[in-house]
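Have a look at the structure below before the remarks.
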Amino acid sequence: MLPIGHYLFLSLALFIIGVLGVVTRRNVIVVLMSIELILNAVNINLVAFSRLYGDVAGQVFALFIIADAAAEAAVGLGIIIAFFRNRETVLADEMDLLKW
Amino acid sequence: MNIPFINGILSYLQGDGAAILPEMELVLFGLGILLIDFWIEQKDKYWNAGLALAGTIFSGFTVFRLRGAIVARGDLLGFHDSVVVDPFFIFFAALFLAATALVILLSVKYLQIEEEQEGEYYALLLFACVGMMFMASGIDLIVMFLGLETMALSFYVLTGFLRREKRSNEAALKYVLLGAFSSGILAYGFSLIYGLSGSTDVRNIRAAFDPRFGLARAIELSRQSGAIGGQMRQLLVTRYPAALHLEPSLLNQLTVLAAAAFVLVAVGLFFKVAAVPFHQWAPDVYEGAPTPITAYVSVASKTASFALLLRLFVTVFAASQETWMPLVAGIAVASLTWGNLAALTQTNLKRLLAYSSISHVGYILLGLVAGNGTALTGISYYLFAYVFMTAGAFAVIIVLRQKGLIGEELDDLNGLYQRSPAAALLLLIFMLSLAGIPPTAGFMGKYFIFLSLIETHHPVLAVFAVLYIVPALYYYFRIVVHAWLKQPGAAPRPSMTSAQAVALGVAVFVTLAAGLYPEPFTRLAQYAFGQ
Amino acid sequence: MTPTGYFLDHLWLIPLFPLATAALMLFFGRRLPKIGVSMLCVGSVGLSFIYAVGAVLQLLATEPEHRVAQQILFEWLTPGPMQMTGGQAIPFVADWGFLLDPLSCVMVLVVTGVGFLIHVYSVGYMAHEGGYYRFFGYMNLFMFAMLTLVLASNMLLMFVGWEGVGLCSYLLIGFYFLKKSASDAGKKAFIVNRIGDAGFILGILLTAVTLGTIRFTSQGLPDAEGAAGILQALKAAVDTHALAYGAPVLTSIALLLFVGAVGKSAQIPLYVWLPDAMEGPTPVSALIHAATMVTAGVYMVARMNAIYQLAPFAMKVVAVVGVVTAIFAASMALVQNDIKKVLAYSTISQLGYMFLALGVGAFAAGVFHLMTHAFFKALLFLGAGSVIHAMSGEQDLQKMGGLWSKIPITAKTFAVATLAIAGIFPLAGFFSKDEILGHAFEKNPALWLVGFVTAGMTAFYMFRLLFLAFFGYSRADEQVEKHIHESPPTMTIPLMMLAGLSLIGGWIGWPLSLGGDARFQKFLEPVLSGVAAETGAEKIGQHELAVEYILMLASLSIAGAGIWLAYHFYRTKRIAPELAAGKWPKLYQLLLHKYYVDEIYDAAIVERTKDLGNLLGRFDANVIDGVGVNGAGWLARSGSTLSMWWDKWIIDGLLNFSAKLMQLLSYPVRLLQTGMFSSYAMLILVGLVVLLAYYGHHVQVLLRSVR
Amino acid sequence: MLDKILFYFFAGVAVASAVLMVTRRNVVHSAIFLITALLATAGIFLQLRAEFLFIVQIILYVGGIMVLFIFVIMLVNLDVALQQIQFARQKWVALLVALALAGQVGLMFWSSRKMPGQGLPVLTAAAAEHLPANSEEVAKSLFGSYLLPFEIASVLLLVAMIGAVVMAKKRT
Amino acid sequence: MDFLAHHILSVVLFTPLVGALLLLFIPRERENAHKIAGNVFGVLGFLVSLPLLRWFKPEWGGFTFEEAADWIPSIGAKYHLGIDGISLLLVMLTTFLGMIAILSSWSAIHLRTKEYYILLLLLQTGMIGVFVSLDFFLFYVFWEVMLVPMYFLIGVWGSDRRLYAAIKFFLYTLAGSVVMLLAILALYFYAPVSANGTRTFDVPTLLAAAQHFSDALKVWLFWGFFFAFAIKVPMFPFHTWLPDAHTEAPTAGSVILAGVLLKMGTYGFIRFSLPLLPADAAMRARIIHIVIVLSLIGIIYGALVCLMQKDMKRLIAYSSVSHLGFCTLGIFALTPNGLAGSVLQQINHGISTGALFLIVGVLYERRHTRMISEFGGLATPMPSFAAIYLIVSLSSLGMPLLNGFIGEFTILQGAFQVSKAWAAWGSLGVVLGAAYLLWLYQRVMFGPVTQFANEDLPDLNLREYATLVPLVILAFWIGIYPKPFFAFIEKPVQKIVEQVNPNFYQVQRAKLPPAEFHAAAAETK
């Protein structure tokens with residue numbers, strides 16, 4: 001395998017892009033997608049380390065993270081739908097009922 | 001009878017199963033609720049609540065039995081050492097179950113008024129509780145993470161449970177997006193921890209991070225030839241295979257990467273406990289969520305996240321306590337400041353309590369800063385008190401919720417005393433406890449925290465912390481002023497159901513008992529950390 | 001041999017009688033008939049007088065050097081051990097105890113005797129006033145306090161009486177409490193007295209820590225052990241050279257006590273209350289503000305003579321203050337038109353004489369003058385009261401005149417008193433005043449000169465008063481004119497008795513130079529001799545007879561001159577005083593307005609104090625509350641508002657807010673402000689970066705230090 | 001060498017499509033780029049000899065989750081959203097902060113690589129041929145050491161299911 | 001009886017609480033029943049405290065009537081009660097004033113009577129608790145417990161600005177007490193652990209242990225306690241809560257507040273602050289100097305501010321600042337006289353100022369205003385009232401034969417032994433005291449009746465006599481025969497002085513003893 005740093009930097013790049021998506025995009029669906037991207041970055045880390053140690057724990061962890069991502073996506077999308085039904089928008093900054 | 005199936009289950013329950021029996025019971029009850037929900041009529045939906053309550057009671061009983069068992073036989077490890085039943089778990093599981101039971105009791109009437117009486121609500125409450133209990137019992141990063149996510153997902157749904165309510169939707173959406181974001185950060189941190197230690201087992205990670213565990217020496221020994229080397233190698237292969245790949249000279253120092261991992265994990269957890277500056281979801285979610293869920297989020301989610309945080313901080317990161325201590329102190333002070341100051345001008349009760357709970361987080365984190373035995377006792381005592389007094393405070397708000405009255409604004413409390421003296425009195429007691437006035441549970445919690453700060457020579461922090469009681473009292477007493485001293489408007493007399501009365505009774509009993517006769521509770525708090 | 005006897009053993013009854021009736025009056029007086037009130041009150045004072053006389057007689061029965069009777073009723077103030085200046089801690093005890101020695105004999109007789117007469121007089125004078133029982137209640141309370149003062153065996157108990165008389169004076173001055181001027185005057189009297197009292201208290205404390213006791217003397221006590229008196233302690237200290245003649249601490253004590261005396265006896269600068277005190281009923285003026293209370297200061301200084309004799313500087317101060325007060329007050333009396341005001345200033349002036357006497361070391365002379373003054377000044381006041389009574393309450397001399405024949409008894413007794421105060425031989429005033437002037441001359445001719453001029457002024461203003469009130473033609477309103485009548489016998493009999501005393505009262509002090517034996521001085525000698533001759537205290541030597549005769553003649557002649565001047569001003573050419581006034585209008589106005597002292601005090605002290613109070617009140621409201629408390633509250637609130645702003649405008653989005661505020665906030669801040677969710681996430685991100693930065697840095701530093 | 005080429009290829013695709021996902025205006029495009037990124041990640045997994053995960057990634061992620069996304073995108077009418085501004089105002093600041101974060105973490109990675117005693121285990125990974133069959137190993141672990149997480153995951157997915165149903169179902 | 005003898009303090013402490021609990025069961029609408037029950041327990045509370053006086057042995061200087069039981073053994077907090085002469089007097093004052101305050105409310109309070117009496121009785125328990133606790137933890141609990149009833153008494157039954165005043169009172173005192181909590185915890189922590197490894201909150205033990213602390217630590221502890229007590233007293237410049245609280249509180253509240261609550265500060269100074277003074281003479285002198293200067297400022301400042309007040313209650317409130325300045329002056333003079341005088345003056349202030357507030361209450365009940373300008377000439381319609389008011393005023397301004405003089409003189413005496421200047425400044429307060437009190441009296445009572453409403457004000461009724469006369473009698477008693485009171489506090493004061501000012505008695509031994517001194521004096525006679 002390549003030196004571990006390669007994978008770490010790749011994962012970091014995806015993580016950062018995901019974070020950027022979360023903080024910059026107004027569309028909540030894209031935000032949710034960005035979160036998926038972050039979790040994906042985590043998986044790259046885990047799998048790379050798993051390979052490094054020759055230990056499958058990391059892969060198992062990654063597996064669970066995929067499951068979690070799925071669950072989060074399902075719930076998140078469900079909530080988006082409920083929100084959209086009430087508010088006819090998916091823009092994050094139009095969530096403005098709850099504030100100071 | 002020698003039926004293999006039954007025998008299998010029995011042996012499972014005596015083996016690994018015992019360690020997760022309370023959780024399993026809750027899951028079973030949750031599934032039961034999902035099932036019977038189809039058969040019960042709209043007007044009989046309270047059976048769901050009854051079943052859920054039975055689940056918590058069962059589970060609680062099991063926890064109690066487990067306590068007896070571990071007293072006799074020591075900590076119970078299960079599932080290839082991924083969960084542990086230790087006093088820490090017993091304490092927190094009991095707290096979660098109590099909080100869940102209180103919330104169930106408080107939900108029945110509320111849901112009737114809101115006309116949202118699906119059984120899923122109670123099932124999700126139980127599943128959330130399962131998640132929390134795994135957060136407390138897990139000693140494997142994966143278990144912890146999944147427990148956390150189970151709890152969090154349940155909460156996202158519960159927060160948005162009032163689907164017709166725009167505010168509920170909005171709160172849920174904010175919660176889920178921010179929550180998932182923070183989970184991502186936490187997971188990233190976990191992945192780095194895994195990378196640094198090659199293990200997901202908390203104890204192994206601790207061994208890798210903490211020089212006192214002598215892992216480096218073990219690895220060096222294992223590389224020698226001879227009988228000892230062989231033994232050691234064998235030990236490592238079974239207990240900690242990844243260690244064979246680790247370079248002993250690199251171990252046992254707080255490395256830069258470990259710092260990065262720490263910060264990421266800490267941020268994820270600080271978000272969950274709503275510490276400044278990761279707190280901003282809390283007021284919105286508290287306000288938008290159905291009030292029982294607000295109580296649940298405020299009480300249980302926070303406590304569970306603290307359980308997880310404590311497990312990590314006092315094990316994995318314990319060795320580097322003095323390096324992260326200033327950081328936690330900064331967060332604590334920021335939480336105290338922000339929470340207290342922002343609460344001063346709130347007019348929405350739930351938001352006010354949200355900010356106040358942020359300040360409570362500050363106090364608990366100060367305990368972490370001190371980090372000695374007293375501090376740990378203090379944290380558990382504080383959390384214990386916090387559960388009951390906060391639940392009580394929300395319970396009063398829930399009692400206020402009537403048809404045609406939201407009861408969440410300060411002005412809705414006006415003249416509560418005339419309308420319901422008992423509710424006003426209870427409110428007063430909870431507010432005093434939240435503010436930390438003796439003889440209430442809240443004071444005892446603060447007492448231990450302050451004492452620990454003095455013991456660990458943090459006088460400035462201590463002064464800072466005590467002085468914040470003053471503004472805190474001011475905003476808590478704004479509530480009291482509205483309830484006691486203002487003239488009532490046209491608001492109806494609140495009526496209390498027996499379930500609410502029981503919940504309030506329990507909350508107030510504990511709040512007062514833990515203040516007037518703290519001895520058993522102190523022992524309980526000390527028990528949690530095996531002191 | 002200690003003097004004993006029934007009356008001496010029951011000294012405590014002397015003040016108790018008036019107290020009992022006072023309490024009775026104040027609690028149940030409203031329900032008693034007037035006659036009952038009169039009987040009880042006058043009777044109780046009479047009883048006190050009888051007991052006093054009895055006690056004095058029993059005391060006189062013993063030889064002079066043992067004439068001290070003391071009894072201690074119970075320990076009063078026992079606050080525990082006290083540390084003296086030297087460092088010793090000794091138990092401090094103030095007893096409730098009474099002392100009768102020659103000095104208190106004089107006082108107790110004057111107080112009970114004159115008091116009794118005034119009580120009798122009051123029965124008539126107050127007959128038509130409301131609050132009759134209240135008046136007598138207060139008067140008897142006063143008697144109690146005054147008797148406590150003079151009989152007290154220690155300084156603190158004396159202070160009890162001292163304050164008590166002040167209180168009664170306050171109550172009695174304010175007797176007509178419906179009149180604002182009366183209640184003002186009462187308050188003024190009390191507060192001015194309190195200033196003096198503060199000095200007195202400090203004097204007592206200094207005495208206590210210096211000498212370890214505040215008991216006047218231990219003589220007459222059954223057990224001298226542990227019961228030292230000031231006299232004994234002082235003697236011991238002088239003998240052991242712990243304290244010497246002129247020791248600063250003794251001067252301090254003397255001066256502090258003198259501050260108290262100045263307040264009570266209305267000396268410069270605290271005399272301002274006394275003229276105002278004339279708002280009270282006239283018997284009160286007679287009893288309290290002429291005969292008894294105001295002389296308490298003199299009595300106290302005389303009582304503490306042992307200390308004064310060791311403090312020459314203090315003595316000088318006393319003398320100077322006394323003599324200056326004497327002439328100062330006399331000058332003001334020259335032009336007053338209110339009959340009682342004239343007498344009030346006269347009283348101040350006479351008190352000044354007494355202090356002059358004390359200051360030059362002639363304690364006996366001072367006390368002597370105190371006694372004679374009590375006689376004739378009480379008489380003057382009572383006479384003035386009678387005049388006022390006759391004139392239906394009129395007090396302005398300008399509206400009197402020609403009363404000689406209309407109220408003959410009053411007029412004649414008044415004349416006797418006037419002669420007495422003017423110092424005409426052989427009336428009481430002559431002897432005492434002459435004694436004082438003689439001693440003053442001995443000490444310092446300048447003092448004598450001032451006193452001498454004052455004597456002339458005294459004669460002048462007193463005769464001015466006499467002429468204006470009783471001679472010439474009547475200037476009263478017709479209404480008043482019609483009602484002029486002589487007072488009832490209850491009033492005139494006391495007048496006559498006092499006139500008798502004024503006439504012959506001075507004879508007991510008939511000086512050696514005129515063939516007498518100075519019995520009075522000898523009687524007082526044991527009390528007033530101080531601690532010891534060898535301390536260096538100057539003893540008053542006998543002066544030459546010739547000088548004495550010359551001085552006497554001078555006094556008489558200046559008195560005569562004063563009378564002559566008054567006669568020419570007011571009797572023959574009534575116009576003259578206006579001319580004089582016209583000639584020196586400024587001086588006249590100055591005198592008429594009493595040197596503007598009241599105004600100055602008001603402006604300089606009273607108003608400034610109130611201003612200070614106001615200022616501090618505002619300070620409290622604005623600064624401490626404003627900045628301190630509300631400020632902290634404000635800070636907390638604005639802190640809260642700030643953090644609220646942070647959440648609301650910086651986090652929740654500036655979009656909802658007005659454009660103006662948005663501009664105020666900086667550009668990067670606005671960049672945060674698109675949507676709420678994003679900014680929440682953004683804050684998490686920022687938090688993460690900050691923590692990471694801090695922590696990364698922290699770890700780097702740590703590692704570097706390790707390496 | 002092949003490893004290297006494969007890695008850089010997949011990494012390049014992943015990063016590029018991730019960037020595109022975040023920046024695209026059309027949500028559907030974003031979804032498709034996310035799919036691409038996930039597929040590229042799957043490639044990385046393969047390159048790391050995690051075959052089982054590779055399959056899971058493709059089936060579960062790309063096949064499952066992304067379809068869910070597409071459904072939702074279809075469900076909520078996005079024609080309006082298309083015309084709206086897609087980025088929050090703070091985007092430049094966010095970019096800066098995110099880059100700072102990247103810099104920090106990156107620096108940490110970099111410094112740990114260079115300095116001894118700084119963290120990352122410096123060791124050669126086990127030779128590829130010595131790795132056991134991946135699926136088998138994962139399965140063993142999953143039902144052995146990680147049985148409990150597996151059980152919890154079932155609860156988690158149950159919660160997600162209930163949640164999605166509760167949230168998305170129309171009110172009766 | 002035996003039980004009573006062994007648990008007398010608990011009985012005294014909890015009698016009001018029992019009353020409060022009983023009142024809970026009386027129906028809301030039975031107003032008279034509340035009043036009767038409240039008064040019965042007020043009187044009962046006083047009666048059960050009377051045996052204390054009888055059984056107390058003044059010659060025993062330490063704590064007596066001690067009771068101890070485990071409370072929170074895991075942290076070493078105990079239910080430990082006990083009193084010495086100083087606390088005895090304060091307890092008696094509390095029960096006595098409590099009884100009177102309850103009685104004074106009979107016709108003043110018609111709103112929510114049930115809660116009113118419950119709160120008064122609760123307050124009573126809290127206050128007694130503070131004085132009898134010998135365990136820091138217990139002490140702190142009582143200290144804080146008292147705040148809540150007082151808050152409600154002001155906040156519910158107060159006058160116009162009651163909400164502001166109530167919260168100000170609460171926050172102010174709380175701010176001080178939380179700092180005190182830290183000081184208590186520090187004391188607890190730094191005291192050596194006992195042989196069996198447990199810590200303790202026991203007051204005598206901890207204070208004894210504090211003697212071995214370093215001076216720096218002691219100074220910190222001292223200031224920690226100081227702020228709590230200084231706010232409670234209140235000392236300048238922590239006093240601004242007091243005028244508001246006093247003014248807005250109902251009569252009974254003001255009486256209790258002035259009569260008892262303020263004494264907790266001074267009590268705290270005596271009991272807790274003095275033993276924490278550092279041993280180093282210079283440090284100690286600096287601290288004492290600061291405190292004394294604040295006291296003196298308080299004395300004069302309070303008196304001056306009184307002069308400008310337009311509201312009777314506010315005036316009396318400020319006079320408390322002045323009077324309590326005397327108390328702190330006496331305490332920190334560290335002489336037996338100063339301390340004894342201070343303790344007695346605390347009692348005196350309770351009596352006099354309590355009575356003054358009752359008097360304002362009498363007027364307020366009749367006219368519903370406290371503005372001085374609304375009154376004038378009341379002596380005409382209310383002669384008996386005038387008499388009692390006069391006596392009370394005189395007692396407050398320190399007229400001999402009344403209680404105030406005894407206290408003030410003894411304090412001045414105590415201060416004088418240390419510094420003549422202190423006593424001189426203090427005596428200025430005496431002068432001003434006369435000024436503002438007499439001026440007030442004059443403006444209210446003298447002159448013609450100017451307001452129509454004042455013309456036919458009824459004189460005192462029997463109940464009002466019953467509240468005021470006992471105070472007047474007590475005022476005279478202390479003024480004329482204070483010896484029994486001094487006897488109670490002599491030993492404890494001696495103990496304290498021996499501890500904090502050892503020079504006081506040592507010098508005596510070094511130099512000429514008084515007996516010889518006087519013997520010498522007697523010989524020369």
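To find a chain, count down the sequence lines: A is the first, B the second, and so on, and within it residues start at 1.
The greatest number of non-hydrogen atom pairs below 4.5 Å with chain C, out of V497(E), L339(E), L397(E), is found for L397(E). When A434(E), A340(E), G479(E) are compared by the number of non-hydrogen pairs under 4.5 Å with chain C, A434(E) comes out ahead. The residue among T78(C), I191(C), L26(C), L256(C) with the most heavy atom pairs within less than 4.5 Å of chain E is T78(C). Chosen from N193(C), L234(C), I195(C), L202(C), the residue pairing most often with chain E at heavy-atom distances under 4.5 Å is L202(C). Counting heavy-atom pairs under 4.5 Å between each of I480(E), V449(E), L344(E) and chain C puts I480(E) at the top. Contact tally against chain C (heavy-atom pairs below 4.5 Å) for S427(E), A435(E), G447(E): the top residue is G447(E). Note: G398(E) leads G426(E), G398(E), A303(E), A175(E) in heavy-atom pairs under 4.5 Å with chain C. The most heavy-atom pairs under 4.5 Å with chain E, out of T240(C), L206(C), I201(C), come from L206(C).
In this structure a side-chain-to-backbone donor-acceptor pair under 3.5 Å is present from S322(E) to I299(E).
Neither the backbone nor the side chain of L157(C) comes within contact range of chain E, judged by heavy atoms closer than 4.5 Å. Only the side chain of L171(C) comes within contact range of chain E, judged by heavy atoms closer than 4.5 Å. For chain E, the nearby part of W96(C) is the side chain; its heavy atoms alone come within less than 4.5 Å. Interface residue D184(C): backbone and side-chain heavy atoms are both found under 4.5 Å from chain E. Of the atoms belonging to A424(E), heavy atoms from both backbone and side chain fall under 4.5 Å from chain C. Using a 4.5 Å cut-off between heavy atoms, L156(C) touches chain E through its side chain atoms alone. Of the atoms belonging to Y436(E), not a single heavy atom falls under 4.5 Å from chain C. For V209(C), the part lying under 4.5 angstrom from a heavy atom of chain E is the side chain only. Within the 4.5 angstrom heavy-atom criterion, no atom of L428(E) approaches chain C.
Within the 4.5 Å cutoff, side-chain heavy atoms of S393(E) are placed close to those of Y441(E). Looking only at side-chain heavy atoms (C-beta outward), I86(E) and I496(E) come within less than 4.5 Å of each other.
With no hydrogens or angles considered, no side-chain donor-acceptor pair links Q494(E) and E490(E) at under 3.5 Å. No side-chain donor from either of S183(C) and Y176(C) sits under 3.5 Å from a side-chain acceptor of the other.
Atom CE in M82(C) sits 8.5 Å away from atom CD1 in I214(C) (nearest 0.5 Å).
Shortest non-hydrogen contact noted between E455(E) and P381(E) is O-CB, 3.5 Å.
The side chain to side chain donor-acceptor pair (under 3.5 Å) test applied to K495(E) returns no partner, not counting sequence neighbours.
The aromatic rings of W241(E) and Y172(E) sit tilted, their planes meeting at an angle between 30° and 60°.
Between R215(C) and the choices I230(C), I72(C), L231(C), the side-chain contact (heavy atoms from CB on, under 4.5 Å) rule is met once, by I72(C).
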Which atom pairs, one a donor and one an acceptor, fall under 3.5 Å between side chains of residues 403-418 of chain E and the rest of the protein, sequence neighbours left out?
{"residue": "N403(E)", "atom": "OD1", "partner": "S395(E)", "partner atom": "OG", "Å": "2.8"}
{"residue": "T410(E)", "atom": "OG1", "partner": "I406(E)", "partner atom": "O", "Å": "2.4"}
{"residue": "Q417(E)", "atom": "OE1", "partner": "Q83(C)", "partner atom": "N", "Å": "2.9"}
{"residue": "Q417(E)", "atom": "NE2", "partner": "N337(E)", "partner atom": "OD1", "Å": "2.5"}
{"residue": "Q417(E)", "atom": "NE2", "partner": "Q413(E)", "partner atom": "O", "Å": "3.2"}

